[in-house]
Amino acid sequence: METQCSSFRFDVLAESDNARRGRFYTSRGTVDTPAFMPVGTQGTVKAMTPENLKNTGAQIILSNTYHLHLRPGEDLIETIGGLHKFMAWDGPILTDSGGYQVFSLAKLRKITDDGIEFQSHIDGSTRCLTPEKAVQIQEKLGSDIMMVLDECVPYPCSEEQAFNAVKRTSFWAKRCVNARHGENALFGIVQGGVFRNLREMSAVQISELGFDGIAVGGLSVGESHDTMMEVLEYTLPLLPSDRPHYLMGVGTPLDIVEAVARGIDMFDCVLPTRNARNGQLFTWKGKITLKQAKYKLEKGPPDESCTCYTCRNFSLAYLRHLFMSGEILSSVLATMHNLHFYLELMLKMRHSVENQYFDKLRSSIKEMYND
RNA sequence: GGAGGGGUUCCCGAGUGGCUAAAGGGAGCAGACUGUAAAUCUGCCGGCGAAGCCUUCGGUGGUUCGAAUCCACCCCCCUCCA
């Protein structure tokens, strides 16, 4: 079954063991992999202007179907000219389907085979999201890469629950394939919790549907790093090697490097942006918690070796002051830095795979971020 | 000089006899954050510690089994009237 109808294309350019360096092409630009997608749930990567984002090195960002559907609504965005124009980001956008909200907003929803019935977290109104609706919304938004609606189960969960989610996710995946009309790329999602048999079943079923890319979902929901890696080890070999592999919602620098080592090409995660707002910086020397008293008089930047705007211009003492004072600029500068760090990490990984020193980079990240 | 109000643990501020090492804020200190209901949340916040003990509510002295809380005097501060 071949359903690919978009102009989306993916090439693997170099490999180092299981790690891949590649590139995919969309009508709005090319993206080098391994890639990190900053998260812009509500049509904005918090605290960043699109110009800021470009300067951090971001080539693609992620946005969210569920949230934009509730507010301001896909029809409004379509009327204004689509999500790219609406938010003034002209690069590629991948939109998550809302499947994760099934997990994160678990108290507000009910799942049936037809779809998800949920209560809006904004006004309490009852809404329904079906696989077809998820695709329709994403097409109206003008998404470059759409995600199928999936069911993400919590951790821990029973094998039966995970099995049902796999069945439903496959069923919904087919309906998403049938519902697409336009040129937008569409990625399938593998589920299965931490059960090898279920992951394998899901990987095979999803891979058969001819998606432009395959995502591994349902991870980083509470399981350990090692467990996550085990799941990747037995799942990735079953995915088509000529399509990008996207690990959803991951992760820490260590998670990301270790996932690349196992064959993942794409990531998204709120950690660099959320933790920035909460006063935590990722650096090449490890994490920095801005509020710690030891930085009160620190004249140097967060990271001497970092070339981001924040590190080139500001002392830790000042950044700490901004955070302690609750100043808006704290979020801006910290987010700029963290995204720069994440995107530089991806750049280094691409370079290291091309030049066969990936293992060296991998072990240095392991040293800094082994907690 | 007269009339009233008040001094509480770093700060603000509750507390009018035992349930009070003392509400609640703030500040401070520390931790968490993984397809964002997050510029959010959690913990600690007199001292030593296992229970428990010791010190603390302007000062001193009383009343009481028991006092931040009641009484006496003293020291400060604020408002109003002369």
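Note: hydrogens, waters and symmetry copies are ignored here, and every other heavy atom, side chains too, is used. Residue numbers start from 1 in every chain, and the chains themselves are labelled A, B, ... in the order their sequence lines are given, proteins ahead of strands.
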Member of A/I206, A/V216, A/D150 meeting the side-chain contact (heavy atoms from CB on, under 4.5 Å) criterion with A/I189: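 Result: among A/I206, A/V216, A/D150, A/D150 is the only option passing the side-chain contact (heavy atoms from CB on, under 4.5 Å) with A/I189.
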Pairwise 5' ranking along RNA chain B for A/H67 and A/F323, keeping only the more 5' one: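 Looking at the nearest nucleotide for each, A/H67 comes out on the 5' side.
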Below 4.0 angstrom from OP1 or OP2 of [N], is there any side-chain N or O of [X]?
| X | N | result |
| --- | --- | --- |
| A/K291 | B/rU40 | no |
| A/S220 | B/rG35 | no |
| A/Q292 | B/rG31 | yes |
| A/N64 | B/rG35 | no |

Integer angstrom distance from the C1' of B/rC10 to that of B/rC71: 32 Å
Whole-angstrom distance between B/rU56 and B/rA21, as gauged at atom P: 14 Å
Cation over ring face, A/K348 and A/W284, 6.0 Å, 45°: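 Yes, a cation-pi geometry holds between A/K348 and A/W284.
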Mate of [N] where both pairing distances stay under 3.5 Å, Watson-Crick or G-U:
| N | value |
| --- | --- |
| B/rU56 | none |
| B/rA32 | B/rU40 |
| B/rU79 | B/rA3 |

